[in-house]
There are 4 protein chains.
Amino acid sequence: MVTNERPLRSDARRNRAKLLDVAERVFAEKGTSASTEEVARRAGVGIGTVFRHFPTKGDLLEAVFVARLRRLADEADRLAESADPGEAFFTFFAQMVRSAPEKNALSEALAAAGVDVTETASPIKDAFRTSVSTLLERAQRAGAVRADIGFAEVITLLVSASHGAEHSFTAPDVQSRALAVVLDGLRPRTGG
Amino acid sequence: MVTNERPLRSDARRNRAKLLDVAERVFAEKGTSASTEEVARRAGVGIGTVFRHFPTKGDLLEAVFVARLRRLADEADRLAESADPGEAFFTFFAQMVRSAPEKNALSEALAAAGVDVTETASPIKDAFRTSVSTLLERAQRAGAVRADIGFAEVITLLVSASHGAEHSFTAPDVQSRALAVVLDGLRPRTGG
Amino acid sequence: MVTNERPLRSDARRNRAKLLDVAERVFAEKGTSASTEEVARRAGVGIGTVFRHFPTKGDLLEAVFVARLRRLADEADRLAESADPGEAFFTFFAQMVRSAPEKNALSEALAAAGVDVTETASPIKDAFRTSVSTLLERAQRAGAVRADIGFAEVITLLVSASHGAEHSFTAPDVQSRALAVVLDGLRPRTGG
Amino acid sequence: MVTNERPLRSDARRNRAKLLDVAERVFAEKGTSASTEEVARRAGVGIGTVFRHFPTKGDLLEAVFVARLRRLADEADRLAESADPGEAFFTFFAQMVRSAPEKNALSEALAAAGVDVTETASPIKDAFRTSVSTLLERAQRAGAVRADIGFAEVITLLVSASHGAEHSFTAPDVQSRALAVVLDGLRPRTGG
DNA sequence: GATGAATGAGACTTCATTCAT
DNA sequence: AATGAATGAAGTCTCATTCAT
């Protein structure tokens, strides 16, 4: 089935992309309570244009989150093709957490992914879930990750760790060691 | 050092306590964007009274956080007296995380504790740091907690895990397993 | 039963009255689509003050209508005490229609009265209904008004005629003659 | 006198007619505050097309009114040929009022007719005036309608009664009796 | 001529904060 | 000290109108 939405005019498509891009940056800097006006201003468009593309501030936020999820799923897919499943999984986890500080509210995006699977069936959320699950299962089969956790636990930990990492005042080495703790916890208990 | 603030009139003292109590509940229920007006209403005082005690909404939020910290430090002190240092530490950690959901934004309070040490030297923050550090060091000396982390890492993990736990839509058993991962990560590596 | 709303502070009462007064004039001049901002400006208060007294524009409009109804009911009561029931009724009807031009949307207030009796049971609407009904019944008993109509028909005609009269471009004598037609129609058919 | 406007391209003519048709329905349903955008959407054209045909929302509204007037004038003309002048007049009056509910704001169209004679000399308005006047005069000559009123009074009453009838919450039988009152008022006084 | 994206003034509403009572 | 009315900046959203495609 083909969607019946005709493709946007080129200028509109450009504006939409620009808005999404700017919005991501603005929300990263000031949190999700940043005003729609500021997004419009920094994108160089009128406030009405924002509204046309995203009828509600919530819609704009959701679009930003979805865009992020899409990129994260892509990254997971890329890593899934690597030779070492364990390394692939831990790399993905660590990368996400390390990139969190520069994108405030990434954790919300992730949380949204974990949640709405039950409510709004969104293709992107499904794709993200599939990509991460694949990464996880391969690592578990390879014995690199403990077997008693699933997608939900991984997301919860990812959300948590990302959130912790968003607080820029924590020193980088503290972040590293805290992350190491979580990663160690994800490994199977040796000599258990 | 003695503060030069004269003691509050008895009704004022009562109002202040009541406000703090109500504010904690309100912010827990609706997040920190709940209105000052609602706090006043539910405390049964005029809005002017809130601002007399806490000249700024930020001041009110901080006071709530400090009150929480004080209670947490007390709890840490109580546990520090128990016989098993390892169990004391893990109990403290788990208790805090499990109680997070019912106090929205607790993580912010904790984050604030980690932070402001550099800015505002607050006696309560210092006390909290001392209490938790004691708990940690005893557990480490007893070999129950890995030795390569300190107060900062623990707080970061606590903030993270609490935040993850605040999202009520995650199932309790998922929360438990995610918490278990972090706790396991905190233990020394066996057979290393 | 006493309402549990404590009386307004004197300055608030003054402002409320002023706002109602100004709002009535503004809506009369520009129709009900006049902005709340303009009401605030002409009342010499901040926009927030309007909101405090009338949380919604709809609330403000309703308050204006209710105030009008109250005055109309009072006028009906005053006339009900006059010696000639027929004259009382026709005077009331004519007065209302003649005063309509200077209060745009009076008809809406009246329509509201006719309507909401079924929905929102408002004391003022009930009072208005009672007052006008009394006036009507006395005139009918005196043989001055045809017997086959009731309150509902009178209100409908009043609303209609008032609306017609609101269009200021119609010459006064045309208005008079049109009103005369309606009044004649209300009289019992002679020699029927 | 010939207008120097070149004839519209066939698709443009079709669009114009469609727009007028849709606009009448939309304004009837939602009142004149319905958005121009909705008219465009339901007509299946771009918003730009609406503004090309009617440079202003006011222009669109006026065009709708004019179209209505034209149809009303036609109806008046048709009735003017019937045998009974009195019945023709009353039928016309009653028909208009009865059809008012389904065309919200018809009264405004009529009011516009009464008015703009002085401002914009529109052929259609003149035609309407002539048609209704003819209907009225014939009925008066036949003794079916009182002689002391003219076109202006009839329009005023028509506008009034139509407005009253537009309020859908009034029961149909109430409407009927109210209309009967006006019609009776239009008849010559018997036994005067 | 048709299209629909962009515009931006302006409407309503919220809320932290001030200040007269 | 307490009160709560007043304030007004700021936020979200709407919509008539313009203009590049």
Side-chain angles (χ1 to χ4, degrees), chain A residues 6 8-16 33-38 40 43-60, chain B residues 8-16 33-41 44-60, chain C residues 6 8-16 33-38 40 43-60, chain D residues 8-16 33-41 44-60:
Chain A
R6 60 177 66 186
L8 286 174
R9 233 165 58 183
S10 69
D11 56 342
R13 201 168 49 243
R14 244 193 330 273
N15 267 333
R16 203 192 131 91
S33 70
S35 85
T36 310
E37 286 266 353
E38 173 152 12
V45 303
I47 180 70
T49 301
V50 181
F51 174 74
R52 163 171 272 270
H53 286 286
F54 310 97
T56 274
K57 188 181 179 181
D59 291 338
L60 176 56
Chain B
L8 289 171
R9 228 165 63 179
S10 71
D11 56 341
R13 202 169 50 242
R14 249 196 324 275
N15 271 339
R16 204 191 131 90
S33 69
S35 81
T36 313
E37 187 90 34
E38 174 156 8
V39 174
R41 196 180 331 119
V45 305
I47 180 71
T49 301
V50 181
F51 278 86
R52 164 167 278 270
H53 285 287
F54 308 97
T56 273
K57 189 183 179 179
D59 292 336
L60 176 57
Chain C
R6 60 177 67 185
L8 287 172
R9 232 165 60 183
S10 68
D11 55 343
R13 203 169 48 242
R14 243 194 329 275
N15 267 333
R16 203 192 132 91
S33 69
S35 85
T36 310
E37 286 266 351
E38 173 153 12
V45 302
I47 181 67
T49 300
V50 181
F51 175 75
R52 163 172 271 270
H53 286 286
F54 309 98
T56 274
K57 187 181 179 182
D59 291 337
L60 176 56
Chain D
L8 290 171
R9 229 165 62 179
S10 72
D11 58 341
R13 201 169 50 242
R14 248 196 323 274
N15 270 339
R16 202 191 133 90
S33 70
S35 81
T36 313
E37 188 91 32
E38 174 157 7
V39 173
R41 195 180 333 119
V45 303
I47 181 72
T49 302
V50 180
F51 277 88
R52 164 166 279 270
H53 285 288
F54 309 97
T56 273
K57 188 183 180 180
D59 292 336
L60 175 57

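Below, all heavy atoms of this structure are taken into account, side chains as well, without hydrogens, waters or symmetry copies. Chain letters run A, B, ... following the sequence lines, proteins first and then strands; every chain starts at 1.
- If you take CZ of B:Arg14 and C1' of F:dA1, they are 12 Å apart, rounded to a whole angstrom.
- Backbone-only contact: C:Thr36 has heavy atoms under 4.0 Å from sugar-phosphate atoms and none from a base.
- When rounded to the nearest whole Å, the span between CZ of A:Arg13 and P of E:dG4 equals 15 Å.
- If you take CG of A:Asp11 and C1' of F:dA20, they are 8 Å apart, rounded to a whole angstrom.
- Between the CZ atom in D:Arg16 and the CZ atom in D:Arg52 there is a gap of 13.0 Å [rounded to 0.5 Å].
- The side chain of B:Lys57 approaches E:dT17 more closely than any other nucleotide in the set E:dT17, F:dA1, E:dA2.
- In this structure, B:Asn15 does not reach the F:dA1 phosphate: none of its side-chain N or O atoms is under 4.0 Å from OP1 or OP2.
- Position along DNA chain E of the nearest nucleotide to B:Gly58 versus D:Arg52 favours D:Arg52 as the more 5'-ward residue.
- Which of F:dA2, E:dT17, E:dA5 sits closest to the side chain of D:Ile47 comes down to E:dA5.
- Within 4.0 Å of B:Ser35, counting heavy atoms only, lie sugar-phosphate atoms of the nucleic acid but no base atom.
- Of the side-chain N and O atoms in B:Thr49, one or more sit less than 4.0 angstrom from OP1 or OP2 of F:dT3.
- Between C:Arg16 and B:Gly44, it is B:Gly44 whose nearest contact on DNA chain F lies nearer the 5' terminus.
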### Task
Starting at the 5' end of DNA chain F, write a dot or bracket for each base, bracketing those in Watson-Crick or G-U wobble pairs whose two distances are under 3.5 Å and using | for partners on another strand.
.||||||||||||||||||||
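- Contact annotation: the side chain of D:Ile47 approaches that of D:Phe51 to within less than 4.5 Å [non-hydrogen atoms, C-beta and beyond].
- Taking every side-chain heavy atom of B:Phe51 into account, E:dT18 is the closest of F:dT18, E:dT18, E:dT7.
- One interatomic measurement links the two molecules: CD of D:Glu37 to P of F:dA16, which rounds to 9 Å at whole-angstrom precision.
- Of all nucleotides listed (E:dA5, F:dA5, E:dA2), E:dA2 comes nearest to the side chain of D:Ala12.
- When each of A:Val45 and C:Ser33 is assigned the nucleotide of DNA chain E with its nearest heavy atom, A:Val45 is the one assigned upstream, toward the 5' end.
- Distance D:Arg41 CZ to F:dA16 P: 12 Å, rounded to the nearest Å.
- Between B:His53 and F:dA2, a side-chain N or O to OP1/OP2 separation shorter than 4.0 Å is present.
- Among the atoms of the strands shown, only primed sugar atoms or phosphate atoms (P, OP1, OP2) are found under 4.0 Å from some heavy atom of C:Thr56.
- D:Thr56 contributes no side-chain N or O that, together with a main-chain N or O of D:Asp59, makes up a donor-acceptor pair within less than 3.5 Å.
- Counting to the nearest Å, the P atom of F:dT18 and the CZ atom of D:Phe54 are 16 Å from each other.
- Atom CG in D:Leu60 sits about 15 Å away from atom P in F:dC15, given to the nearest Å.
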